[in-house]
Peer 1: 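One structure follows; several queries about it will come next.
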Amino acid sequence: MTNAVVPNILLPVVAAALVDADGRVLLQQRPADKSLAGLWEFPGGKVESGETPEDALIRELEEELGIAVPHACLAPAAFASAPLGDRHLLLLLYIARKWVGVPRALEATVLKWVRPADMHALPMPPADRPLIGLLDALL
Ligand code: 523
C-alpha cells in the first residue's frame, strides 16, 4: 500500500507586530514589483523548508529591517488565514517589544509606525486585516 500524497495547500507565513514605547506598531508598504503591491503589512515572510516559524521570522526581520530580535522577545499572539491563488495563506503573528537596531526599509517601499486603531484606514493584505482588532485589544 502506498501513502496518499496530500497536497499542502497551506502557505505558512510569519509576521511581527513590533511595538514601540507609545504602543504604535511598525507596518511596511509592499513594493510595486511584488504581489499585493502597495498594501501595508506586518513585516515578515514565508517559512522556508526546515525552519521553525520563529527562526523564519528572525531571519525575515533581519533581511527586511536590519534588526535582530532575540528568540525570547517573540510572543505568539494570533493567526489569520486568507485565500492566495490556489493556496491558502496561514499568517502567524508574533508581538515583539524589544529588538536590537533601528528598523530600516531594506525591502519595503517605506515604513510607518501606526496605532492599531488607525490601521483600519490603511489598505492591508486580507490576512493582516483581521489581526488589527486583536492587536487593538492586546496593546
Ligand atoms: N503576506 C501577507 N501579509 C504579511 C506578509 C509578511 C506576507 O499577506 N504580513 C503575503 C504576501 C505574499 C506571501 O505572504 O503573498 C509571502 O510573503 P513574502 O513577503 O515572503 O513573499 P514575497 O513578497 O517575497 O514573494 P511573492 O509574494 O511570492 O512575490
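Ligands are counted one by one from 1 in listed order, and the atoms in each one are counted from 1 as well. One-based numbering along the sequence shown.
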Peer 1: So, do Gln28 and Trp40 sit near enough that their side-chain heavy atoms are less than 4.5 Å apart?
Peer 2: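 The answer is no; the side chains never approach within 4.5 Å.
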Peer 1: Could you list which atoms of ligand 1 come closer than 4.0 Å to a heavy atom of Leu84?
Peer 2: 15 (O)
Peer 1: What atoms of ligand 1 come closer than 4.0 angstrom to any heavy atom of Phe42?
Peer 2: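 With Phe42 as reference, the close atoms of ligand 1 come out as 4 (C), 6 (C), 9 (N).
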Peer 1: Measure from the side-chain N and O atoms of Glu64 to the backbone N and O of Gly44, and report whether any donor-acceptor pair falls under 3.5 Å.
Peer 2: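 Yes; judged by distance alone, with no hydrogens or angles, the pair exists.
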Peer 1: For ligand 1, which part of Lys34 has a heavy atom less than 4.0 Å away: the side chain, the backbone, both, or neither?
Peer 2: side chain
Peer 1: Hey, is Glu107 one of the residues with a heavy atom under 4.0 angstrom from ligand 1?
Peer 2: no
Peer 1: Considering only the protein, which heavy-atom contact is closest to atom 18 (P) of ligand 1, and what is its distance?
Peer 2: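 Here the closest protein heavy atom is Gly45 CA, 4.0 Å.
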Peer 1: Whether the side chain of Glu51 engages the backbone of Glu48 through a donor-acceptor N/O pair (distance < 3.5 Å, no angle test) should be reported.
Peer 2: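 Present.
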Peer 1: To which protein heavy atom is atom 28 (O) of ligand 1 closest, and what is the distance rounded to 0.1 Å?
Peer 2: Lys46 NZ, 3.2 Å
Peer 1: Please identify which atoms of ligand 1 are closer than 4.0 Å to at least one heavy atom of Leu36.
Peer 2: 8 (O), 11 (C)
Peer 1: Should one rank Glu63, Glu41, Glu48 by closest heavy-atom distance to atom 5 (C) of ligand 1, which comes out on top?
Peer 2: Glu41
Peer 1: Quick one, Ile132 and His120 - any side-chain contact, counting heavy atoms below 4.5 Å?
Peer 2: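 Ile132 reaches His120 side chain to side chain.
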Peer 1: Within the side chain of Gln29, is there an N or O that forms a donor-acceptor pair under 3.5 Å with the backbone of Gly38?
Peer 2: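 Between the backbone of Gly38 and the side chain of Gln29 there is a qualifying donor-acceptor contact (under 3.5 Å).
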Peer 1: State the atoms of ligand 1, each with its element, that fall below the 4.0 Å cut-off from a heavy-atom position in Arg30.
Peer 2: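 Reading through ligand 1 atom by atom, the close ones are 11 (C), 12 (C), 19 (O), 22 (P), 23 (O), 27 (O).
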Peer 1: Heavy-atom distance to atom 13 (C) of ligand 1: which of Val47, Leu89, Leu57 wins?
Peer 2: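 Result: the heavy atom closest to atom 13 (C) of ligand 1 is in Leu89.
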Peer 1: Quick check on contacts: which atoms of ligand 1 are under 4.0 angstrom from a heavy atom of Ser35?
Peer 2: 12 (C), 15 (O), 26 (P), 27 (O), 29 (O)
Peer 1: Looking only at protein heavy atoms, which one is nearest to atom 2 (C) of ligand 1, and how far off is it?
Peer 2: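 Its nearest protein heavy-atom neighbour is Asp128 OD1, 3.5 Å.
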Peer 1: Any sub-3.5 Å donor-acceptor pair from Asp22's side-chain atoms to Arg24's backbone N or O?
Peer 2: no
Peer 1: Considering all heavy atoms of both residues, which atom of Pro116 and which atom of Gly23 are nearest to each other, and what is their separation?
Peer 2: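 Of all heavy-atom pairs spanning Pro116 and Gly23, the closest is CD-O, 3.8 Å.
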Peer 1: Please examine the side chains of Leu92 and Val13, heavy atoms only from C-beta on, and report whether any two atoms are closer than 4.5 Å.
Peer 2: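 Not touching, per the 4.5 Å side-chain cut-off.
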